[in-house]
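Written out below as structure tokens is the structure these notes cover.
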Amino acid sequence: MSFDWAAFFEYLPRLIAAAGVTLQVSLLSLALACLLAPILALAWLLGPAPLRVIVRAFIELIRGLPPLVVIAFCYFALPKLGVVLSGFWCGVLALGVVGAVYAAEIIRSAIESLGKGQFEAALALGFARWRAVLEILLPQALRRILPPLTNEFANLIKASSLLSVISVHEISQVGQSLIFETFVVIEILVQMAVLYLIIIGSVTLLSRRLERGLGA
Amino acid sequence: MDPVFMGQVLVRLLPPLGLTMLVSLTALAIATPLGLALGALRAELSDKHPASRIIDAWVFFVRGTPILIQIFAIYFLLPKLGLQPPLFVMGVGALVLNSAGYQIEIGRAAVQSVPRGQWEAAAALGFDRHATLREFILPQAARRMVGPVMNELSQLIKASSVLSVITLFELHKAAEAISSANLRFSEVIVVEGFLYFVFIFGISLIASALERRLSAAGALAGAGSFAR
């Protein structure tokens, strides 16, 4: 086993381009997750009983499925229901929903960890329930939410590798097809691993700094 | 939706479900003692120790790359080294590589979470470090590990679905094969999802019940996440 630097540099540009796709799909699904997660969490905490049951069931369902199954559902089953998305947007949708469910759990448990007293005090002062949550509890919970949330972002990036099965041209898909095309194994595997380590490592670093900075 | 077809799919997916459980449980049985022991060792060693550096590198690689890359590493590199084990062994190997990396952190956190005073009290009673670890620290740490380790099993079941990319016929690969052979995707995915959900949700119920029972002993909560 010798390391072929010529091959390494020959294929590097294609993998760097693929890393761009990995970043795009991860950031877009993070945006979708950040949009959906507070809605799910607030519906669980404040919604009327039937809505709470539905939201909880949905969260437990997604948490009980491998992300690969959610991705396959979006790609193969949604078209039957009339929703046709390209592989890329399908990936954004699947990862966004999975990410949202886990982020909703983080938000809910952070708000619940503040204790009932805060909520009761706000109600006693005449705040409406939703205003008490949005204006009193959520800002305090934010310190406990941000560090695990950046951690979830790292998980989203890892999960984006699964989109290779629906031929999104991200790092894993491009690397895998290059390996089968060229039989250059070690050099390409090293590139894939290093690119992920750089991306995920910087997100993890950010998460640690947030944890220290916010003192949570 | 055709209930008769779905019934047939359910029956055909039972053996692959067995393989999913077998590969996950085998990996857990190897990765748990390995990971927890290395984690306890890591808690004991200084950061500069050579063994610490190896353990840290393992954790860094496993947590910093998707499990797919770890599976590829095993699948493509072992043949380069002249080894050609069966797919099942490669699958277990990849899951062990991954899970032990995460459990090292569990073991380390559990040992470090035992209060410092316990060490000092044992030292005052004349126990050496080794005996203190064995008699006092590890039994307390073990209770704290129960929740996270149960949680690890459901993580492994989810992660084992990724072994479909190296054509191991576990639940996800089998469902994929059935759905593309019959060109009926939604029904197969619903059945597949049902099977995964029943097991993963069931395990998480047991895990949280155990966590509640042990919470008086300061059990660490299992942190679920969705991707490896």
Side-chain angles (χ1 to χ4, degrees), chain A residues 1 22 60-70 72-81 95 98-99 101-102 105-106 109 148 151-152 154-162 164-165 171-173 175-176 179-180 183 185-186 188-190 192-201 203-204, chain B residues 1 20 60-61 63-73 75-77 79-82 154-155 157-165 170-173 175-176 179-180 183-190 192-205 221 223-228:
Chain A
M1 286 207 302
T22 290
E60 290 298 346
L61 174 70
I62 301 289
R63 281 167 61 94
L65 291 176
L68 211 44
V69 175
V70 180
F73 181 86
C74 288
Y75 194 66
F76 294 111
L78 279 188
K80 306 261 170 185
L81 303 171
L95 295 186
V98 175
V101 158
Y102 283 85
E105 274 283 298
I106 293 173
S109 64
N151 210 21
E152 285 305 307
N155 287 331
L156 268 184
I157 298 166
K158 287 184 220 171
S160 75
S161 67
L162 303 175
S164 56
V165 299
I171 298 174
S172 300
Q173 196 275 339
Q176 192 185 1
I179 289 177
F180 283 121
F183 297 105
V185 175
I186 296 163
I188 292 173
L189 268 178
V190 167
M192 293 160 82
V194 168
L195 284 171
Y196 276 118
L197 283 171
I198 292 173
I199 299 174
I200 295 167
V203 172
T204 315
Chain B
M1 291 280 172
T20 285
F60 178 70
F61 170 69
R63 294 174 70 111
T65 56
I67 187 165
L68 187 61
I69 300 294
Q70 296 150 28
I71 293 170
F72 282 159
Y75 184 68
F76 289 119
L77 291 184
K80 286 260 162 193
L81 298 170
S154 49
Q155 298 290 333
I157 295 174
K158 285 189 221 175
S160 70
S161 67
V162 186
L163 294 174
S164 57
V165 298
E170 44 66 68
L171 184 51
H172 184 65
K173 182 69 197 169
E176 205 178 74
S179 60
S180 51
L183 290 175
R184 295 169 88 160
F185 295 100
S186 348
E187 283 136 320
V188 180
I189 291 179
V190 168
E192 179 201 0
F194 169 76
L195 290 175
Y196 271 120
F197 177 75
V198 166
F199 274 86
I200 295 171
F201 185 64
I203 290 166
S204 77
L205 285 185
S225 75
F226 57 94
R228 283 287 165 101

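Computed from a predicted structure; not experimentally measured. Worth knowing before you read on, the calculation uses all heavy atoms, side chains too, and leaves out hydrogens, waters and symmetry mates.
- Both the backbone and the side chain of A:Ser161 come within contact range of chain B, judged by heavy atoms closer than 4.5 Å.
- Heavy-atom distances place no part of A:Ile62 under 4.5 Å from chain B, backbone and side chain included.
- Looking at A:Ser164, only its side chain comes within 4.5 Å of chain B, counting heavy atoms on both sides.
- Only the backbone of B:Leu183 has a heavy atom closer than 4.5 Å to any heavy atom of chain A.
- Contacts between B:Phe199 and chain A at a heavy-atom distance below 4.5 Å are absent for every atom of the residue.
- Between chain B and the residues A:Leu197, A:Val185, A:Thr204, A:Val165, the most heavy-atom pairs under 4.5 angstrom are made by A:Leu197.
- Of the residues considered (B:Ile157, B:Ile69, B:Val188), B:Ile69 shows the highest number of contacts with chain A, using heavy-atom pairs under 4.5 Å.
- B:Ser154 places no side-chain N or O within donor-acceptor distance of the main-chain N or O of B:Ser204, the cut-off being under 3.5 Å.
- Heavy atoms of other residues, nucleotides or ligands lying less than 6.0 angstrom from CZ of B:Phe76 number more than 12.
- Side chain of A:Lys80 to main chain of B:Arg184: no donor-acceptor pair is present (N/O by atom type, distance under 3.5 Å, no hydrogens or angles).
- Note on B:Ile67, B:Leu68, B:Leu195: by heavy-atom pairs under 4.5 Å with chain A, the leading option is B:Leu68.
- Checked against side chain to side chain donor-acceptor pair (under 3.5 Å), B:Thr65 has the following partners two or more places apart in sequence or in another chain: B:Gln70.
- Note that the CD1 atom of A:Ile186 and the CG atom of B:Leu77 stand 6.0 Å from one another [nearest 0.5 Å].
- Looking at B:Ser164, only its side chain comes within 4.5 Å of chain A, counting heavy atoms on both sides.
- The side chain to side chain donor-acceptor pair (under 3.5 Å) test applied to A:Gln176 returns no partner, not counting sequence neighbours.
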Practice item. With side chain to side chain contact (heavy atoms under 4.5 Å, CB included) as the test, would you mind laying out the steps for B:Ser180 and A:Phe76 before giving the verdict? Key: CA-CA 10 Å; B:Ser180 51; A:Phe76 294 111; over 6 Å; no

